[in-house]
**Student:** 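Would you mind keeping the following structure in view while I ask a few things?
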2 protein chains.
Amino acid sequence: MDEQEFLAAYDPGDFPAVAVTVDVVALTIREGVLQVLLVERGEAPFAGRLALPGGFVGDETLDAAALRELAEETGLHPDAGASRRAGAADDPGTRNGALARVHLEQLKTYGDPGRDPRMRVVSVAYLAFAPSLPDPRPGGDAAGAAWLPVATAAETALAFDHGRILADGLERARAKLEYSPLATAFVGTEFTIAELRAVYAAVWGEDLHAGNFHRKVLSVPGFVESTGSTTARGGERGGPRAKLYRAGDARVLHPPLLRPASEDGVR
Amino acid sequence: MDEQEFLAAYDPGDFPAVAVTVDVVALTIREGVLQVLLVERGEAPFAGRLALPGGFVGDETLDAAALRELAEETGLHPDAGASRRAGAADDPGTRNGALARVHLEQLKTYGDPGRDPRMRVVSVAYLAFAPSLPDPRPGGDAAGAAWLPVATAAETALAFDHGRILADGLERARAKLEYSPLATAFVGTEFTIAELRAVYAAVWGEDLHAGNFHRKVLSVPGFVESTGSTTARGGERGGPRAKLYRAGDARVLHPPLLRPASEDGVR
DNA sequence: ACAATAGTGTCTCTTAGACACTATATG
DNA sequence: CATATAGTGTCTAAGAGACACTATTGT
């Protein structure tokens with residue numbers, strides 16, 4: 001089958017000139033709004049246009065390449081220069097270790113001929129869910145990287161086919177919240193049910209009934225577990241202190257939290 | 001960002017030597033058993049081992065490459081040599097046009113360094129659902145291609161990381177039956193509810209309650225629509241003639257058909 | 001005091017699934 | 001007639017969602 005072709009590939013001249021890159025749809029929630037990490041392209045093609053962070057795959061796994069690109073664009077590092085490791089999840093506020101808590105998963109691969117005008121590029125897109133991260137460090141690889149509300153980004157013409165990749169990533173994110181506990185990836189290690197509800201509201205773009213959401217979340221086995229403690233203060237304009245929870249051990253939600261108004265017209 | 005790297009890529013010497021292939025997990029149901037299309041490798045590495053059909057991506061979309069590979073390995077063709085087109089869905093029994101009814105979707109991309117001992121190969125895996133197809137034509141590209149029950153294939157050590165790809169494909173197929181009408185891709189254009197139930201039973205590996213399944217399928221809007229006619233004969237050992245249905249226009253099932261015993265332990 | 005929010009109680013409606021039953025075909 | 005299957009009726013338990021209510025805090 002592919003054996004003959006592989007042998008042929010050993011001849012550098014015959015080898016099809018295909019570049020493999022990763023592009024990352026990194027999502028976070030800042031000030032209650034779902035935002036995506038975008039970089040501004042400095043050169044042609046699409047100079048000045050916004051694009052998803054990404055780059056070539058080196059001698060590494062695809063997952064590692066995506067994590068590396070995310071680290072380079074944000075200025076954050078998975079574990080400080082591969083030297084220390086402990087405490088990574090303990091100081092999510094610092095730059096070092098902050099990436100340890102992001103959820104990263106493969107989204108889809110885009111490889112239409114002509115999607116890059118210069119040459120054949122096959123891009124493996126990734127989807128990242130991150131808790132609120134500091135602003136990207138200007139000294140990073142990217143000329144200018146910034147978080148942008150997804151509504152704004154969707155209206156903007158992005159470089160290459162990144163508009164479609166972003167749309168696919170958003171749809172995946174919305175669907176994943178239904179049957180996976182990944183909403184916890186958007187909040188800190190300890191969170192209130194209201195914070196979790198804010199995540200769902202931001203991603204789905206609609207408010208959820210506070211009481212029913214509360215009961216539902218607690219009824220799903222392994223979604224969250226109580227820490228025993230509560231917030232130090234109530235709401236800004238009053239209200240009781242909320243109990244704190246941490247992510248449970250469930251990998252899927254049984255039963256799922258279904259999106260309201262999953263319009264029958266979606267068909 | 002990736003601009004400098006792309007410029008560097010123009011120098012053939014600098015270019016990272018990565019090959020891009022597609023591999024297809026093609027599933028069908030024959031004699032009530034879920035089967036997967038496998039080919040036997042003729043040469044090293046993994047000579048004699050079974051592998052998923054696949055090959056290099058040419059100057060075509062990834063989807064087209066997957067469809068082409070599937071066509072080459074099965075001896076079937078989407079529409080006879082790109083000349084005629086009409087009637088493709090009307091004669092599913094013939095070789096020409098039989099591929100027009102297969103559902104093909106991207107599964108995942110596998111690119112670990114070392115997954116191919118010869119060089120860096122990034123493989124975009126596809127998942128195909130097909131109605132019962134004729135045996136692969138021996139004169140095709142593949143040395144030997146054949147349909148094998150997935151249970152058998154899962155016990156066999158496949159070439160490369162194809163065992164994992166197959167496992168991922170099976171899990172995707174099982175999940176997709178829940179919320180998508182893709183079960184209809186495994187049967188003919190006209191089918192009975194019992195045939196549809198047999199698809200679910202084969203893919204999920206467990207029997208379903210006939211009565212409840214019947215009512216459930218008919219209650220999901222757009223899943224199936226009646227043709228008005230019935231089968232010519234009843235069951236082999238008696239029974240009434242069953243009504244015939246065709247696939248409806250729904251793209252997702254609302255509400256979904258949930259797998260029984262989605263063990264809470266899955267977590 | 002007032003306003004805002006956390007968390008709970010309760011009711012209704014829908015649905016999954018178990019079970020039973022009839023109707024219709026084949027041998 | 002015996003038997004197998006298509007299709008329907010009905011009951012129960014569980015969950016989603018609407019609504020209402022209490023409790024607790026900050027201004």
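Every chain is numbered from 1 and lettered A, B, ... according to where its sequence line falls, protein lines coming before strand lines.
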**Student:** Please check the phosphate of D:dT5 (OP1 and OP2 only) for any side-chain N or O of B:R237 closer than 4.0 Å.
**Tutor:**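 Yes, because at least one side-chain N or O of B:R237 sits under 4.0 Å from OP1 or OP2 of D:dT5.
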**Student:** Could you tell me whether B:A194 contacts a base, only the sugar-phosphate backbone, or nothing, with contacts defined as non-hydrogen atoms closer than 4.0 Å?
**Tutor:**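 The answer is sugar-phosphate, as B:A194 gets under 4.0 Å only of primed atoms, P, OP1 or OP2.
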**Student:** Does D:dA6 have OP1 or OP2 sitting under 4.0 Å from an N or O in the side chain of B:R197?
**Tutor:** yes
**Student:** So, under a plain 3.5 Å distance rule, would you say the side chain of A:R215 forms a donor-acceptor pair with the base of C:dG9?
**Tutor:**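 Per atom types, the contact qualifies.
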**Student:** Looking at B:R246 and B:E195, is any side-chain nitrogen of the basic one under 4.0 Å from a carboxylate oxygen of the acidic one?
**Tutor:** no
**Student:** What's A:G235 touching, base or sugar-phosphate or nothing? Going by heavy atoms closer than 4.0 Å.
**Tutor:** sugar-phosphate
**Student:** Between B:L257 and B:G238, name the one whose nearest nucleotide on DNA chain C is closer to the 5' end.
**Tutor:** B:L257
**Student:** Nearest of C:dC19, C:dT24, D:dG7 to any side-chain atom of B:P240?
**Tutor:**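 In terms of side-chain proximity for B:P240, the closest of C:dC19, C:dT24, D:dG7 is C:dT24.
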**Student:** Does A:R241 make a side-chain N or O approach to OP1 or OP2 of C:dA6 shorter than 4.0 Å?
**Tutor:**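 Checking C:dA6 against A:R241, no side-chain N or O comes under 4.0 Å of OP1 or OP2.
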**Student:** May I ask you to evaluate whether A:H209 reaches the phosphate of D:dG17, defined as a side-chain N or O under 4.0 Å from OP1 or OP2?
**Tutor:**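 False: A:H209 side-chain N/O out of range (4.0 Å or more) of D:dG17 OP1/OP2.
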**Student:** Go through the steps for B:D23 and B:H162 under the test side-chain contact (heavy atoms from CB on, under 4.5 Å), then give the verdict.
**Tutor:** CA-CA 9 Å; B:D23 288 313; B:H162 290 188; 3.5 Å; yes
**Student:** Assign B:R233 to base, sugar-phosphate, or nothing according to its heavy-atom contacts below 4.0 angstrom with the strands shown.
**Tutor:**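 Sugar-phosphate contact only - B:R233 comes under 4.0 Å of backbone atoms but never of a base.
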**Student:** Verify whether the ring centers belonging to B:Y245 and B:F191 lie closer than 6.0 Å.
**Tutor:** no
